[in-house]
2 protein chains.
Amino acid sequence: MPDLAGGTIPGMDGAAGRRGRRTSGPTLHDVAREAGVSVATASRAFNGSSTRNVKPEYISRVLAAAERIGYQPHLSAQAIALGSTRTAALVVSDIDDPYFSSIAAGVITAAQAQRLIPTVAIADRSPDRELQIVRTLRGQRPRVIIIAGSRIDGSGTDGALSEELEAYQAAGGRVVLVSQEGLPFSTVAIDNGGGARALAEALVGRGYRRFGVLCAAPAIRTSHDRCGGFLAGLAAAGVPDPTVVETAFTRAGGYDATHELLRGGRPTVDAVVAVNDVMAIGAMTAIRDAGLVPGRDVGVAGFDDISWCADLDPALSTVAVPLHEVGVTAMRLALGDDRGVRVVPVATSVVLRDSTPPR
Amino acid sequence: MPDLAGGTIPGMDGAAGRRGRRTSGPTLHDVAREAGVSVATASRAFNGSSTRNVKPEYISRVLAAAERIGYQPHLSAQAIALGSTRTAALVVSDIDDPYFSSIAAGVITAAQAQRLIPTVAIADRSPDRELQIVRTLRGQRPRVIIIAGSRIDGSGTDGALSEELEAYQAAGGRVVLVSQEGLPFSTVAIDNGGGARALAEALVGRGYRRFGVLCAAPAIRTSHDRCGGFLAGLAAAGVPDPTVVETAFTRAGGYDATHELLRGGRPTVDAVVAVNDVMAIGAMTAIRDAGLVPGRDVGVAGFDDISWCADLDPALSTVAVPLHEVGVTAMRLALGDDRGVRVVPVATSVVLRDSTPPR
DNA sequence: TACGCCCTGGAAAACGTATTCCAACACGTT
DNA sequence: AACGTGTTGGAATACGTTTTCCAGGGCGTA
């Protein structure tokens with residue numbers, strides 16, 4: 001097919017590429033030609049190379065030409081030439097969960113502030129998926145990879161994941177984990193244990209004694225830590241062992257477990273405490289469906305302080321985690337000069353509202 | 001500033017690249033060498049080029065070599081060679097808002113299913129920011145750009161935005177807008193007007209007559225359409241004109257406006273209807289803060305049916321929008337064969353719950 | 001046995017940008 | 001006026017991949 005030279009059908013393909021290749025948009029060559037300078041000069045005009053000056057007149061001429069033909073530098077080409085991209089990868093379990101979307105908001109905002117392009121992947125709460133994602137992520141050559149999942153201990157993929165991340169780091173990448181201490185990478189460590197412990201003390205202080213604790217599979221680190229902290233707090237306060245129910249780490253899990261807990265008709269617990277807010281919200285609905293009034297008949301508390309806790313009725317008692325800040329911190333940690341593993345603690349604070357009135 | 005190359009101290013950089021350039025990870029060359037074949041063959045071994053076969057033995061040898069040295073193809077380099085990337089860009093106003101995070105979940109999931117890399121940008125509800133984002137997005141050369149913002153009419157940037165997107169499309173990109181009819185691009189059109197109209201009829205059917213309508217600035221298209229639809233529905237039902245209050249398109253806006261509306265002590269309206277759920281949630285809280293009971297004293301309704309509507313007390317009446325599906329549809333539309341502008345309608349449906357009991 | 005064809009591997013070019021190296025030039029000093 | 005120095009533009013090369021083009025080998029047919 002020696003069609004080239006556009007001789008065939010000169011209509012249609014207008015600005016299309018030299019060799020029939022569908023080239024997308026004007027290139028630096030085009031700008032240079034338009035401005036009457038060399039590509040080298042054009043390139044320098046944009047990102048004024050250190051150690052080199054380009055005559056102001058040329059700069060403005062190049063900039064004008066670029067503006068005129070609508071040039072935008074090809075980021076992939078830059079990445080190739082420079083040897084490093086300007087993308088930052090974020091892996092979350094489920095972007096539709098307010099816990100993750102708040103963290104994501106922080107990460108993305110921080111990334112944009114650094115002129116980085118944030119990419120986000122959803123792992124669907126599956127360690128296998130997470131591993132697979134990280135693997136393909138490496139092809140992207142992002143500057144940083146931030147993983148805000150629910151670390152699952154002993155999931156079998158941990159070794160492979162570490163290995164993958166290790167290789168990524170060896171190639172110059174930066175890894176930051178959110179709330180997943182235990183793997184050998186920099187981490188934003190949410191004080192889950194301490195917060196849960198403080199919550200236990202606060203609730204005992206308000207007169208609660210018989211607790212139903214809703215936690216997820218013990219392999220889910222976050223749940224494990226929160227649950228453990230809460231139990232420790234109870235023990236320290238000399239309160240008898242609570243009823244611990246294991247369920248899914250979701251709103252539905254909270255609903256189901258509470259439904260089960262309340263089966264007998266009259267409640268056997270003073271309060272239901274869930275390891276996160278969405279579970280607690282499910283619990284509140286289950287309490288209502290059982291014909292009881294959350295807060296009055298059964299106290300309810302969660303964890304995270306997602307944004308609409310205060311808009312519930314009764315407003316939900318919880319442990320506040322500065323999620324947005326967690327995201328920003330993760331990004332800052334990833335971009336910091338400090339190579340090597342660092343753990344940045346993030347404090348949590350108990351917020352008592354009407355869902356756990358004094359009793 | 002970029003770390004002025006460790007070139008001075010020759011120690012340190014171990015596995016670094018040939019010319020001191022900080023090369024990230026093994027390349028196809030390395031794989032080829034390791035497998036004892038040429039780069040061409042190695043490349044073909046991975047993505048078995050059409051019109052070419054490579055001997056099975058070589059394929060497995062290459063794959064084994066790649067596995068051994070932990071090779072991942074450099075996506076930027078592929079993008080350069082192929083002339084097109086595998087990224088899909090999503091622009092949202094605020095990822096922390098459940099409306100957008102649900103749509104984002106749909107878009108991202110659909111993108112991943114197509115092995116595309118989703119990038120997301122946050123426009124912070126600012127048209128200027130949005131324009132700026134789209135501009136820099138073009139440098140990314142994404143296959144598709146999906147914009148789920150709150151189109152703001154007459155914001156002054158509309159022309160420039162269209163121009164930018166037009167240029168992007170001309171270069172082979174695909175643009176899809178979510179719920180922003182009016183611009184000359186393919187759109188997933190949420191039936192805001194129809195849904196609002198149906199809501200009006202349903203509420204009138206339940207006995208409500210005096211409405212307080214909370215909408216945002218008329219320039220915000222979504223708000224405008226919903227508000228207009230609701231008023232039309234009321235008019236059609238022969239109900240007297242409601243009190244329309246203009247406020248911010250957020251939870252705080254809903255709260256403030258309702259607070260104002262209820263100032264006189266005894267409510268002058270039967271129901272408060274907000275143009276989205278987060279505003280309605282703010283309204284419910286304001287109603288409570290005024291010493292009234294939402295649902296019983298004042299009906300409340302929203303729009304979107306974000307996930308926790310049913311967990312509120314009273315459960316929030318609203319107009320359901322299949323947000324996840326909207327995201328998926330946007331992606332499908334973007335990837336479809338069909339060039340040219342298409343508008344895919346998405347139906348909405350009224351969901352009456354306890355926040356608007358029969359009156 | 002010779003010819004031609006299909007098949008497959010390798011060398012080289014291309015993608016768009018940044019940068020190194022070289023040449024040309026202006027300017028100040030002697 | 002000659003020389004050195006500092007500055008600036010342009011050609012060429014590199015980045016990692018895909019793809020084209022070319023050459024060599026195996027095989028069937030005449």
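Quick note on labels: first sequence line is chain A, next is B, and so on, each numbered from 1.
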Does anything in residues 111-144 of chain A pair up under ring-ring contact (aromatic ring centres under 6.0 Å, His included), and if so which pairs, sequence neighbours excluded?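 Pairs touching residues 111-144 of chain A that pass the test: none.
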Could you measure the distance from the [atom1] atom of [X] to the [atom2] atom of [Y]? Nearest 0.5 Å is fine.
X: Thr41(B); Y: Leu28(B); atom1: OG1; atom2: CG; result: 10.0 Å
X: Leu137(A); Y: Gln72(B); atom1: CG; atom2: CD; result: 9.5 Å
X: Glu166(A); Y: Gln169(A); atom1: CD; atom2: CD; result: 6.0 Å
X: His324(A); Y: Ile108(A); atom1: NE2; atom2: CD1; result: 10.0 Å

The criterion is ring-ring contact (aromatic ring centres under 6.0 Å, His included); which residues satisfy it with Tyr71(A), sequence neighbours excluded?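 Phe46(A).
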Which residue lies toward the 5' end of DNA chain C, Tyr71(A) or Tyr58(B), if each is placed at its nearest nucleotide?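 In this pair, the answer is Tyr58(B).
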Name the residue closer to the 5' end of DNA chain C, choosing between Ala77(B) and Ser38(B) according to the nucleotide with the nearest heavy atom.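 Between the two, 5'-proximity favours Ser38(B).
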Send over the distance from [X] [atom1] to [N] [atom2], rounded to a whole Å.
X: Gln72(A); N: dT17(C); atom1: CD; atom2: P; value: 11 Å
X: Leu82(B); N: dG16(C); atom1: CG; atom2: P; value: 12 Å
X: Ile59(B); N: dG9(C); atom1: CD1; atom2: C1'; value: 13 Å
X: Leu75(A); N: dT17(C); atom1: CG; atom2: P; value: 10 Å
X: His74(B); N: dG16(C); atom1: NE2; atom2: P; value: 17 Å
X: Arg61(B); N: dG9(C); atom1: CZ; atom2: C1'; value: 12 Å
X: His29(A); N: dG10(D); atom1: NE2; atom2: P; value: 13 Å
X: Ile80(B); N: dT17(D); atom1: CD1; atom2: C1'; value: 9 Å

List in chain and number order the residues that pass side chain to side chain contact (heavy atoms under 4.5 Å, CB included) with Thr136(B), two or more places apart in sequence or in another chain; answer none if no residue qualifies.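 Residues passing side chain to side chain contact (heavy atoms under 4.5 Å, CB included) with Thr136(B): none at all.
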Just jot down the side chain to side chain contact (heavy atoms under 4.5 Å, CB included) partners of Ser84(B), sequence neighbours excluded, or say none.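 Side chain to side chain contact (heavy atoms under 4.5 Å, CB included) list for Ser84(B), sorted by chain: Arg143(B).
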Heavy atoms from C-beta onward define the side chain here; which of [options] lies closest to that of [X]?
X: Thr27(B); options: dT17(D), dG9(C), dG9(D); answer: dT17(D)
X: Ala40(B); options: dC15(C), dT19(D), dG9(D); answer: dT19(D)
X: Thr41(A); options: dG10(D), dT8(D), dG9(C); answer: dG10(D)
X: Asn53(A); options: dA18(C), dG16(C), dT8(D); answer: dT8(D)

Counting any heavy atom closer than 4.0 Å, what does [X] reach on the DNA or RNA strands: base, sugar-phosphate only, or nothing?
X: Leu28(A); result: sugar-phosphate
X: Val39(A); result: nothing
X: Phe46(A); result: nothing

Five pairs at each end of the helix from dT1(C)-dA30(D) to dT30(C)-dA1(D): take the axis at both ends and give me the angle between them to 10°.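 For the helix from dT1(C)-dA30(D) to dT30(C)-dA1(D), the axes at opposite ends meet at about 50°.
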Heteroatom pairs (N/O) under 3.5 angstrom, protein to nucleotides 21-28 of chain C:
from, atom 1, to, atom 2, distance (Å)
dC21(C), N4, Arg52(A), NH1, 3.1

On the nucleotide dG16(D), are OP1 or OP2 found under 4.0 Å from the side-chain N or O atoms that Gln78(B) carries?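 Checking dG16(D) against Gln78(B), no side-chain N or O comes under 4.0 Å of OP1 or OP2.
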A quick test of your reading: do over 12 heavy atoms of other residues, nucleotides or ligands sit less than 6.0 Å from CZ of Arg129(A)?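 Enclosed.
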Can you tell if the side chain of Ile133(A) reaches within under 4.5 Å of the side chain of Gln112(B), non-hydrogen atoms only?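 With C-beta onward as the side chain, the pair touches.
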